Amino acid sequence: MTKILIIYTGGTIGMVNDADTGALIPFNFKQIQQNVPELARLNYNLEVYSFDPIMDSSNMHPDIWAEMAQLIFTRYDEFDGFVILHGSDTMAFTASALSFMLQNLSKPVILTGSQLPIGEIRTDAKENLITALEIAATKENGKAKIPEVCIYFDSQLFRGNRSIKYNSEKFEAFRSPNYPVLAEAGVHLTFFNNYILPQPEKELQVLLDFNSNIGVLKMYPGISEQAVMAITHSSVDAIVLETFGSGNTTTAEWFIACLQEAITKGKIIVDISQCQRGSVELGKYETSKKLQEMGVISGYDMTFEATVTKLMYLLAQGHGKDEVIKLMEQSLRGELTLS
Ligand code: ASP
């Protein structure tokens with residue numbers, strides 16, 4: 001019988017209204033099971049592991065990612081797949097982080113959650129949970145169909161490190177702006193084979209360390225020197241530079257000097273676009289040529305979530321700066337498209 005481990009971390013899916021304040025607070029997993037009697041009818045052997053405490057995902061932290069990855073690694077051989085119930089707010093960060101931590105993954109790790117708590121009549125939680133379990137159980141020629149970390153939400157399966165939370169109200173909470181969906185659930189579960197990662201040739205490896213000493217600099221017209229210097233002169237090891245269009249920034253001398261100094265002092269700067277679709281193309285315009293010349297590196301079409309977690313992951317692996325730069329510009333788990 002197919003065995004799946006459900007890892008419950010919290011999120012709206014298992015929340016109830018606090019009797020005193022009326023705010024949504026996390027509740028324990030038994031409430032979910034009571035509200036989805038269909039789970040007992042699925043012909044799977046389900047085991048539940050509940051985090052303690054369960055949390056609103058806005059409190060997510062790299063230490064908890066490490067706990068999740070370690071749990072999957074430790075119990076890997078016992079299960080055919082893993083379904084993680086998680087708040088939607090930071091689900092794309094967790095999915096990206098897990099994709100980097102779990103190297104040579106050959107089994108599905110599917111994150112899901114919901115916009116309405118599972119006890120509400122119109123809840124989206126049941127469909128999300130039941131279909132995530134079906135996807136985690138799907139095999140082809142005796143091997144898992146999805147050897148990837150994914151997000152399943154509102155009938156669509158996305159590569160985890162390509163996903164973003166796009167809508168805080170609609171059931172369609174996630175999108176994958178720069179990569180096609182991997183599967184769609186309608187009357188049938190349809191998998192789009194060309195987009196799914198191949199089965200790895202090596203054994204699963206888990207890498208648990210993160211260095212979160214990074215900064216984010218988001219461009220806007222009129223940004224001040226003080227605001228830029230607060231990041232470039234700080235002690236962070238790397239900076240995610242969120243630029244305009246295909247990777248462009250102001251060419252003001254003081255701005256270029258700030259970035260140049262940060263790079264000279266050893267910081268890594270990665271350029272990603274504020275646009276959700278498309279890729280950074282350093283050197284395409286005059287307004288990104290200087291960045292390229294000074295050694296700002298391209299994040300291509302990576303999401304903010306994938307860029308941040310990839311940097312945090314690579315900075316903690318003990319690589320030299322050149323190696324981190326080289327790996328940032330490569331696709332490690334299908335997170336970017338080289339243009
Ligand atoms: N604030 C909630 C969380 O991320 C929202 C959700 O679950 O969708 O935990």
Side-chain angles (χ1 to χ4, degrees), residues 6-36 39 48-69 71 82-99 109-133 135-136 149-177 185 210 212 276 303-306 308-309 312:
I6 300 177
I7 302 170
Y8 177 47
T9 68
T12 298
I13 194 163
M15 286 191 185
V16 284
N17 288 101
D18 183 86
D20 299 326
T21 65
L24 284 169
I25 52 164
F27 203 66
N28 71 38
F29 190 80
K30 288 220 172 65
Q31 193 219 1
I32 294 188
Q33 281 176 308
Q34 280 159 11
N35 280 291
V36 196
L39 285 184
V48 178
Y49 179 94
S50 185
F51 270 68
D52 186 16
I54 48 176
M55 61 167 82
D56 185 302
S57 78
S58 299
N59 284 317
M60 191 44 67
H61 188 276
D63 291 347
I64 316 274
W65 295 337
E67 271 186 61
M68 286 182 214
L71 174 66
F82 302 83
V83 169
I84 302 180
L85 302 181
H86 193 291
S88 60
D89 287 351
T90 62
M91 192 184 288
F93 287 92
T94 299
S96 299
L98 286 173
S99 77
V109 174
I110 314 292
L111 289 99
T112 194
S114 64
Q115 293 284 55
L116 281 175
I118 208 150
E120 305 244 336
I121 292 177
R122 284 195 311 108
T123 188
D124 52 331
K126 290 186 189 184
E127 195 282 322
N128 285 350
L129 172 56
I130 290 168
T131 309
L133 288 167
I135 291 170
V149 179
C150 291
I151 289 182
Y152 177 76
F153 225 94
D154 193 34
S155 307
Q156 294 193 303
L157 183 73
F158 307 103
R159 176 166 297 158
N161 57 34
R162 292 288 196 155
S163 311
I164 55 166
K165 183 170 180 182
Y166 144 85
N167 198 310
S168 61
E169 288 184 0
K170 290 197 170 182
F171 288 157
E172 185 204 4
F174 288 89
R175 282 197 175 167
S176 166
F210 283 91
S212 46
Q276 286 187 354
T303 62
F304 175 72
E305 292 84 338
V308 165
T309 52
M312 285 164 57

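This structure is a prediction, so every number in the text was calculated from the model and none was measured. For ligands, and for the atoms within them, numbers begin at 1 and follow the listed sequence.
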Starting from atom 1 (N) of ligand 1, locate the nearest protein heavy atom and write down its residue, its atom name and how far away it is, to 0.1 Å.
->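 Answer for atom 1 (N) of ligand 1: D89 OD2, 2.8 Å.
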Which of the atoms in ligand 1, numbered in the order shown and given with their element, are less than 4.0 Å from a heavy-atom of [X]?
X: G11; value: 7 (O), 9 (O)
X: S114; value: 8 (O)
X: T12; value: 2 (C), 5 (C), 6 (C), 7 (O), 8 (O)

Scan side-chain atoms only and decide if N161 and S99 contain a donor-acceptor pair under the 3.5 Å cut-off.
->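 Present: a donor and an acceptor within the cut-off.
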H86 side chain to T94 side chain, donor-acceptor N/O pair below 3.5 angstrom =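 Yes, side-chain donor-acceptor contact under 3.5 Å.
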Please check this pair: side chain of [X] against backbone of [Y], looking for a donor-acceptor N/O pair closer than 3.5 Å.
X: S176; Y: F158; result: no
X: T112; Y: L85; result: no
X: T131; Y: N128; result: no

With only distance considered, is H86 within less than 3.5 Å of ligand 1 through an N or O on each side?
->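 N/O-N/O distance below 3.5 Å does not exist for this pair.
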Going by distance only, is there an N or O of D56 that falls short of 3.5 Å from an N or O of ligand 1?
->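 D56 vs ligand 1: N/O contact under 3.5 Å present.
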Answer with side chain, backbone, both or neither: which part of A173 has a heavy atom less than 4.0 angstrom from an atom of ligand 1?
->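 None of A173 does.
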Ignoring hydrogens, just give me the one of S57, G113, G14, S88 whose non-hydrogen atom is nearest atom 9 (O) of ligand 1.
->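 Nearest option to atom 9 (O) of ligand 1, by heavy atoms: S57.
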From F93 atom CZ to I164 atom CD1, the distance as rounded to the nearest 0.5 Å =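 Here the rounded value is 10.5 Å.
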